[in-house]
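From a predicted model like this one, the values you see are computed outputs, not experimental measurements.
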Amino acid sequence: SEMNTYPVWIDCDIGVDDAIAIMAAHALPQIDLLGISTTCGNASQENTYRNAHRLNGLLGTDYPVYRGAASPLCRELLTASHFHGNDGLGDVDLPVPPDAVYRVEAAWDALYEAAVKYPHELRLIALGPLTNVATAFSKYPDLPELLHSMLIMGGAAVGGNVTPAAEVNIYCDPEAAELVFDSGVHIVMCGLDVTLKALLRPADWDELAATGTRAGKFVRDCVQCAWQFSQKFGLEGVAMHDSCPVLYLAHPELFRAEEAGVKIETRSTLTLGKTVTDLYSDKQFDEKNATVVLDVDRDRFIEILKDCIKAI
Ligand code: BDR
Ligand code: CA
C-alpha cells in the first residue's frame, strides 16, 4: 500500500524523551522533518537550544534549529533537572558539533514560514510547554488555520504528574495552552493516559546499547537519571511521553483515541493547568477540538521505536 509522508515541524524542550522522539522522527519514513524550534521547559532555553544542536551532531544531520521563548508567557519558569539532568539530557557526554549553525530567526517566525510553504499540510508536533506555539498564533492569527493539525504531548484526561490534576507541559504555561486549545486548530492530545503506558524498560535500552551504535548508547545513557526517578514511582521503565505524538502520526493504528472537547484551567490553584475534557461528563462542550489518545499497544510501539534507533 502507498505510504503517506507528512511535512512536520517539532517544537520542544529537549529533554530526554524529546531527544528520543526527535530520533524517531528522523528515522520514520512517514515524517519529513523541516525544522526544530526550542522552548524553555525541562531545562532553560539555553540548554534546550544547545541540546537540539547536540542532537544534530549525534544524528549527523543539519535540521534547522530555532530559538524560542526563555520563559512562559506570564509565569516563572519551572525546570525539571531532577528528571532530565542539569543539561536536560541526563548530563551525558555529547558535544555541540563545531559546525553547528546558529540562526537569528525566531522560532515563531520560522514556524510560520514553514506553514506558509506547506499550507494545510504541515503537522506541528509540540513536545514541551506551548509558549512558542502560542506566541506564533498571537503574532500570526492565520497560522492555526494554515496548519493541517497539531499533535502534542501534554495534559491528561485523568490525573496529572506535576500536580494531582496537571501534566507538566500544560502546567508550565497554562495561558499558552489555553490560547492554543482555543485557537481552532485540531489537536491530537497524547496525555499521560497514554504516555505512561509507553514504557522503555531496562532490557530495551540494554538491547539498544548492545548494538554498539552511538545512538543506541546515547539512549541507554540519557535515560538513567529519569530511570532513578521513575523507579521511585513504581514504574517498570522510563515513559517515552514525547515519542507518542511522533509515532501516532506515523502509526495511528497502534493507538486508541476518542474525539473530545478539551479546555484548559488557568485560574484555579488546585487544578491549575488541567486539561478539562468532556470525555466522561454528561455536559458536553460544544466543540470537539481534540483527538484524545487513551491507549497504545505498548509492545508494538516499543518495537517500532527500537527499530528507529537501530536504523540511525
Ligand atoms: C512531559 O514533560 C517533560 O518532562 C517530558 O519531556 C514530556 O514532554 C511529560 O509530562
Ligand atoms: Ca518534552
Side-chain angles (χ1 to χ4, degrees), residues 10 12-26 36 38-59 77-96 127-129 153-154 156 160-163 166-172 190-192 195-246 298 301-302 305-306 308-310 312:
I10 294 185
C12 53
D13 62 336
I14 315 174
V16 169
D17 61 316
D18 303 71
I20 296 170
I22 290 170
M23 295 167 85
H26 168 69
I36 299 171
T38 58
T39 184
C40 57
N42 292 324
S44 67
Q45 168 57 226
E46 279 310 313
N47 275 333
T48 59
Y49 180 67
R50 193 170 161 265
N51 290 344
H53 291 297
R54 293 166 82 193
L55 263 185
N56 261 335
L58 177 72
L59 294 171
L77 174 61
L78 177 82
T79 56
S81 55
H82 61 286
F83 192 87
H84 294 276
N86 288 319
D87 69 344
L89 283 184
D91 297 312
V92 293
D93 179 21
L94 181 66
V96 175
L127 306 176
M153 190 288 135
N161 56 3
V162 66
T163 73
E167 183 280 327
V168 66
N169 285 343
I170 306 297
Y171 183 83
C172 261
C190 296
L192 298 171
T195 67
L196 282 171
K197 294 173 182 154
L199 295 178
L200 193 74
R201 298 177 185 145
D204 299 314
W205 58 72
D206 287 345
E207 177 189 331
L208 290 171
T211 62
T213 64
R214 268 183 96 199
K217 290 188 221 163
F218 168 79
V219 169
R220 177 197 56 198
D221 296 345
C222 82
V223 298
Q224 293 310 315
C225 175
W227 174 225
Q228 293 306 316
F229 188 82
S230 302
Q231 282 177 87
K232 291 189 196 145
F233 291 89
L235 293 179
E236 287 170 17
V238 175
M240 296 290 102
H241 300 287
D242 290 345
S243 289
C244 287
V246 171
R298 183 265 166 202
F301 174 96
I302 292 295
L305 188 61
K306 285 192 292 195
C308 287
I309 307 298
K310 289 175 186 170
I312 294 169

Q.
Tell me whether Tyr49 at atom OH has more than 12 heavy atoms from other residues, nucleotides or ligands lying less than 6.0 Å away.
A. yes

Q: In sequence, state the C-alpha distance, the side-chain angles, and the governing distance for Asn161 and Leu196, and then conclude on side-chain contact (heavy atoms from CB on, under 4.5 Å).
A: CA-CA 10 Å; Asn161 56 3; Leu196 282 171; over 6 Å; no

Q. Between His84 (side chain) and Val16 (backbone), is there a donor-acceptor pair under 3.5 Å?
A. yes

Q: Check the pair Asp221, Leu94 against side-chain contact (heavy atoms from CB on, under 4.5 Å), reporting the backbone distance first and the verdict last.
A: CA-CA 11 Å; Asp221 296 345; Leu94 181 66; over 6 Å; no

**Q.** Heavy-atom closest contact (Val162 atom, Glu167 atom, distance)
**A.** CG1-C, 3.9 Å

(Q) Let me confirm one number: the CG-CZ distance from Asn42 to Phe83, rounded to the nearest 0.5 Å. (A) 8.5 Å

Q. With a 4.5 Å heavy-atom cut-off, do Asp87 and Arg54 have their side chains touching?
A. yes

Q | Shortest non-hydrogen contact from Leu77 toward Ser44 | A | CD2-CA, 4.4 Å

Q: State, yes or no, whether a side-chain contact exists between Thr213 and Ile312 at a heavy-atom distance under 4.5 Å.
A: no

Q: Could you grab the distance from atom SG of Cys308 to atom NZ of Lys310, nearest 0.5 Å is fine?
A: 11.0 Å

Q: Mind listing the closest non-hydrogen atom pair of Ala24 and Leu305 along with its distance?
A: CB-CD1, 3.8 Å

Q. Between Ser230 and Gly237, what is the shortest heavy-atom contact and its length?
A. CB-O, 3.6 Å

Q.
Do Val238 and Met240 make a side-chain contact, defined as non-hydrogen atoms from C-beta onward lying under 4.5 Å apart?
A. yes

Q | Separation of Cys12 SG from Ile22 CD1 (nearest 0.5 Å) | A | 4.0 Å

Q: List the atom of Asn47, the atom of Asn86, and the distance in Å for their closest heavy-atom pair.
A: ND2-O, 3.3 Å

Q.
For Ser81 versus Cys225, what's the shortest heavy-atom pair and its separation?
A. O-SG, 4.3 Å

Q. Between Asp242 (side chain) and Ala21 (backbone), is there a donor-acceptor pair under 3.5 Å?
A. no

Q) At what distance, to the nearest 0.5 angstrom, does CD1 of Ile170 lie from CE of Met153? A) 8.0 Å

Q: Supply the atom-to-atom distance Arg220 CZ to Asp206 CG, rounded to the nearest 0.5 angstrom.
A: 7.5 Å

Q.
Any heavy-atom pair between the side chains of Asp13 and Asn169 that's under 4.5 Å?
A. yes

Q) Any side-chain heavy atom of Phe218 within less than 4.5 Å of one from Met23? A) yes

Q: With the side chain counted from C-beta on, respond yes when Trp227 and Gln224 share a heavy-atom pair under 4.5 Å apart, and no when they do not.
A: yes

Q) Got a second to check how far His26's NE2 is from Ile309's CD1, nearest 0.5 Å? A) 10.0 Å

Q: Give a yes or no on whether Glu46 atom CD has more than 12 heavy-atom contacts from other residues, nucleotides or ligands under 6.0 Å away.
A: no

Q.
Using modelled atom types and a 3.5 Å cut-off, is there a donor and acceptor pairing between side-chain atoms of Thr48 and backbone atoms of Thr39?
A. yes

